[in-house]
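Below, read A as the first sequence line, B as the second, and so on, with proteins coming before strands; counting in each chain starts at 1. Heavy-atom basis, side chains included; hydrogens, waters and symmetry copies ignored.
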Amino acid sequence: MTIDPRQMSLDEQLELLFQGTEYGDPELERNMRRELRQRLEEAQRTGRPLRVYLGVDPRTSDLHLGHTVPMRKLRQFQELGHTAIFLIGSFTSLVGDPSDKDKARKLMSFEEVMANARTYTEQAFKVLDPERTVIRYNHEWLSKLTFGDLIHLASHFTVQQFLARDNFRKRYDKGDPIHLHEFFYPLMQGYDAVALEADVQIGGTDQTFNIIVAGRKLQEAHGQRPQVGIFLPLLPGTDGKMKMSKSLGNHIPLKASPEDMYGKIMSVPDEAMPLYMRLLTRWTPKEIAALEADLQAGRLHPRDLKMRIAREVVEIFHGPEAAARAEAHFVRVFQQREVPADMPTYTLRPGQTVLEVLVAAGLVQSRNEARRLIQQRGVRLDGQVLDDPRAPFPGPGVLRVGKRRFVRVAEAEP
RNA sequence: GGGCGGGUACCCAAGUGGCCAAAGGGGGCGGGCUGUAAACCCGCUGGGCUUCGCCCUACGGGGGUUCGAAUCCCUCCCCGCCCA
């Protein structure tokens, strides 16, 4: 669905672009709205599209649902005819953004980062329009800065400004280390805006400092008009509380299988569903309000709402057929407690014990783990609990560990 | 550079010679409950084994004292605070 900008008034465009955004400070939001309106108006008048960018740091090998929130905002700009720049933080990743962390991050090697960057770009086009996306890498300019350049950039800021950021503040107050190089991160990101001559930068609410304080200031210092910051709420992870991130282990990867993505969404606590609806689905605010009203009135079971959300999200990334299959799988395995349609096969070798099969089939990580699971009655063959690790394996069937680990055990070929 | 305080399992954090494979919390996993892989309750959570117990490896690295060390000593590395 492409939006024809000529069919939307300036104010309608502005409304769309600000939909779902979150600004802690109403003053900031007013200013950003005003500035964006002005730029949209200029773009329309001069025919020069805005340069809108979103940066991601490829510190891990996969994008997750949290990344897609600002990416979809970028997509909206694309659809309104603007230039979308997907910036890979090939250089900033080496340091890691201190914004969302309460501790310093490991330094990474350039090789690691570039390997991750490749997988990022592939995954990014699940959301962005490849025809209208410019991919850039910030090592292109950041690695060329001299020490003198760095000092010049740094001279625009005070230590107090940095220490006023709550994440640095907290670490400072707790006596946790703050490494000097972490202060360079906002400078680097700010310089990205300069190098890209960005009109707009999109980011999560944790990016306020990097975008507003660092980016705008450095652009001004370089004689550019400061960019407009568009901020989106942070998507909570599978724990329902903390920001989704791989390092916290609460992420849902984009490359998860449809079944896995569906299930992971179902495992997110109910309380997080309002945000999931708003940040991940294609539903309009009106539709969301109606669903919430139904939920309130008891006409809609919380689980059913979650299932709809899960299906919608899987559909966005894997298409309608895969989403339907994922839902069927979920109903079958978790509601009806039946075995899934597909599962890996393990071929039995003569004389194997229960314990040996569990290990050999890769269902457990160690023999002790297998013993524990057996003791906890978490191992079943065709529904029968197996309670003796040393017993010979009974025979072919569906071997299940816990709720979601399955292997079809087959008889050895004669 | 000096003084003081620290470095404990996936994370946070107790423990200051044996009762410590190490309290507690989080996370993860298993079970129960549930028309949710939600919430809630119970349990488990280093590896190996001939498993009411035994062996190995583990409390920043290395070395030592001791019948015995996460706990004491030496040394090295790293962090915080104060001073310079």
pair_partner(B/G5), Watson-Crick or wobble, both distances < 3.5 Å, evaluates to B/C79
Checklist entry - Less than 4.5 Å apart, any side-chain heavy atom of A/Leu54 and any of A/Leu87? => result no
Open item on the list: Do A/Tyr172 and A/Ile178 have side chains that approach each other closer than 4.5 Å (heavy atoms only, starting at C-beta)?
Closed with: yes
Mind checking the [atom1] distance from [N] to [M]? Whole angstroms is fine.
N     : M     : atom1 : result
B/G25 : B/C79 : C1'   : 24 Å
B/C40 : B/C73 : P     : 45 Å
B/C29 : B/G35 : C1'   : 24 Å
B/A23 : B/C19 : C1'   : 14 Å
B/U16 : B/G2  : P     : 30 Å
B/A58 : B/U50 : C1'   : 25 Å
B/G80 : B/G31 : P     : 45 Å
B/C42 : B/G64 : P     : 48 Å

Rounded to the nearest 0.5 angstrom, the OG-NE2 distance for A/Ser245 and A/His251 is 8.5 Å
With sugar-phosphate taken as primed atoms, P, OP1 and OP2 and all else as base, the protein-contact string of nucleotides 42-49 of chain B at under 4.0 Å (heavy atoms; B, S, -) is -BSS-BBB
Letter by letter from the 5' end, nucleotides 32-37 of chain B scores (B base, S sugar-phosphate only, - none; protein heavy atoms under 4.0 Å) --BBBB
In whole Å, what is the span from the [atom1] atom of [X] to the [atom2] atom of [N]?
X        : N     : atom1 : atom2 : result
A/Ile309 : B/A38 : CD1   : P     : 15 Å
A/Ile374 : B/G30 : CD1   : C1'   : 12 Å
A/Lys174 : B/G7  : NZ    : C1'   : 15 Å

Between A/Tyr172 and A/Leu373, whichever has its closest RNA chain B nucleotide further toward 5' is A/Leu373
Think A/Arg405 has a side-chain N or O under 4.0 angstrom from the OP1 or OP2 of B/C29? no
